[in-house]
Enquirer: 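Before I ask anything, let me first share the structure, which is written out below as structure tokens.
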Amino acid sequence: MAVKIKLKRLGKIRSPHYRIVIADSRTRRDGRAIEEIGLYHPVQNPSRIEVNSERAQYWLSVGAQPTEPVLAILKVTGDWQKFKGLPAPAPMLVAEPKDKRAAFDEFTKALEATEAKGEAITPKAKKSEKKDEAAEAESASTEA
């Protein structure tokens, strides 16, 4: 029996979150799992990743194969490097929350500085000129 480490999807339509589970490779994506070893919430900013490192190491050592998304998560947490005997990755950097109001004020100031004075870029054609152009086109089409 082949055992996989894979993601089990939970959550509403546009707000997914996943559990990292150990399951038989023949089970469905959200089917029955042998054990849950972690969480992955990609919608949160920054993404929330929690992995029980001890259990992940155990399952990798007995031959469980991670899927590609789980492999990427294990590389971020450093569990894959620990299993392979590679040097640990650099610590994850947590992005500082940006002050949205300050960024908006900065944007509006830049927009006001570059904004035109309300004048048209191209000169307006008068109605009489348009009629003349239409008449010329019409006479050219009748001549041909």
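Quantities reported herein were computed from a predicted structural model and do not represent experimental measurements.
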Enquirer: Would Leu111 end up clustered with Phe104 when hydrophobic side chains under 4.5 Å apart are linked, directly or stepwise?
Expert: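 No, separate clusters.
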
Enquirer: When you measure from the side chain of Thr27 to the backbone N and O of Ala23, does any donor-acceptor pair fall under 3.5 Å?
Expert: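 Pair absent, no side-chain N/O of Thr27 close to backbone of Ala23.
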
Enquirer: So how far is it from Leu60 CG to Ile22 CD1, rounded to the nearest 0.5 Å?
Expert: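 Reported value, rounded in 0.5 Å steps: 7.5 Å.
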
Enquirer: Could you state the interatomic distance from CD (Gln81) to NZ (Lys75), rounded to the nearest 0.5 Å?
Expert: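 The NZ atom of Lys75 is 7.5 Å from CD of Gln81, to the nearest 0.5 Å.
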
Enquirer: Determine whether Leu71 and Val51 fall in the same hydrophobic cluster, where Ile, Leu, Val, Met, Phe, Trp and Tyr are linked whenever their side-chain heavy atoms lie under 4.5 Å apart.
Expert: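 Yes: a chain of side-chain contacts under 4.5 Å links Leu71 to Val51.
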
Enquirer: Does the side chain of Ser47 come within less than 4.5 Å of Gln44's, by heavy atoms?
Expert: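 With C-beta onward as the side chain, the pair stays apart.
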
Enquirer: Looking just at side-chain N and O atoms, do Thr67 and Lys4 make a donor-acceptor pair shorter than 3.5 Å?
Expert: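 Distance-only check fails for Thr67 and Lys4.
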
Enquirer: Which distance, rounded to the nearest 0.5 Å, do you find between the CZ of Phe83 and the CD of Gln57?
Expert: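 That separation rounds to 7.5 Å.
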
Enquirer: Report yes if the side chains of Leu39 and Tyr18 come closer than 4.5 Å at any heavy-atom pair, otherwise no.
Expert: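 Sidechains of Tyr18 and Leu39: no contact.
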
Enquirer: Below 4.5 Å, heavy atoms only, C-beta onward: do Val3 and Ser25 meet side chain to side chain?
Expert: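 No - every pair of side-chain heavy atoms lies 4.5 Å or more apart.
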
Enquirer: In the structure I gave you, are the side-chain heavy atoms of Ser53 and Lys82 within less than 4.5 Å of one another anywhere?
Expert: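 Heavy-atom side-chain distance check passes, below 4.5 Å.
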
Enquirer: So Arg19 and Leu10, do their side chains get closer than 4.5 Å, heavy atoms only?
Expert: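 A side-chain contact under 4.5 Å exists here.
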
Enquirer: Does the side chain of Trp59 come within less than 4.5 Å of Glu35's, by heavy atoms?
Expert: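 Yes, close enough: below the 4.5 Å cut-off.
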
Enquirer: When you compare the side chain of Ile20 with that of Ile73, does any pair of heavy atoms fall below 4.5 Å?
Expert: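 Yes, close enough: below the 4.5 Å cut-off.
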
Enquirer: Take Arg28 and Asp30, measure what salt bridge (Lys or Arg N to Asp or Glu O under 4.0 Å) needs, and give me the verdict at the end.
Expert: CA-CA 6 Å; Arg28 297 174 305 202; Asp30 302 334; over 6 Å; no

Enquirer: I want to check something: taking the side chain as every heavy atom from C-beta on, are Trp80 and Pro66 in contact at a cut-off of under 4.5 Å?
Expert: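 Side chain of Trp80 against side chain of Pro66, heavy atoms only: contact under 4.5 Å found.
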
Enquirer: Look at the side chain of Ser15 and the backbone N and O of Gly11, then say whether any donor-acceptor pair between them is shorter than 3.5 Å.
Expert: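 No: the side chain of Ser15 does not pair with the backbone of Gly11.
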
Enquirer: First locate atom NE2 of His17, then atom CG of Leu7, and finally report the distance between them rounded to the nearest 0.5 Å.
Expert: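 Nearest 0.5 Å value for the NE2-CG distance: 12.0 Å.
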
Enquirer: Could you report the tightest heavy-atom contact between Leu74 and Thr77, atom names first, then the distance?
Expert: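 Shortest heavy-atom separation between Leu74 and Thr77 comes out as O-OG1, 3.1 Å.
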
Enquirer: What pair of heavy atoms forms the shortest contact from Arg55 to Ile37, and how long is it?
Expert: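 Looks like CB-CG2, 3.7 Å.
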
Enquirer: If you count the non-hydrogen atoms of other residues, nucleotides and ligands that lie under 6.0 Å from CD in Glu106, is the total more than 12?
Expert: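 Atom CD in Glu106 is not crowded, with 12 or fewer foreign heavy atoms closer than 6.0 Å.
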
Enquirer: Could you walk me through whether Arg101 and Asp105 pass salt bridge (Lys or Arg N to Asp or Glu O under 4.0 Å), step by step?
Expert: CA-CA 6 Å; Arg101 182 64 186 180; Asp105 291 340; 3.7 Å; yes

Enquirer: Search all heavy atoms of Val21 against all heavy atoms of Glu36 and return the closest pair with its distance.
Expert: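 Heavy atoms of Val21 and Glu36 come nearest at CG1-CG, 3.6 Å.
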
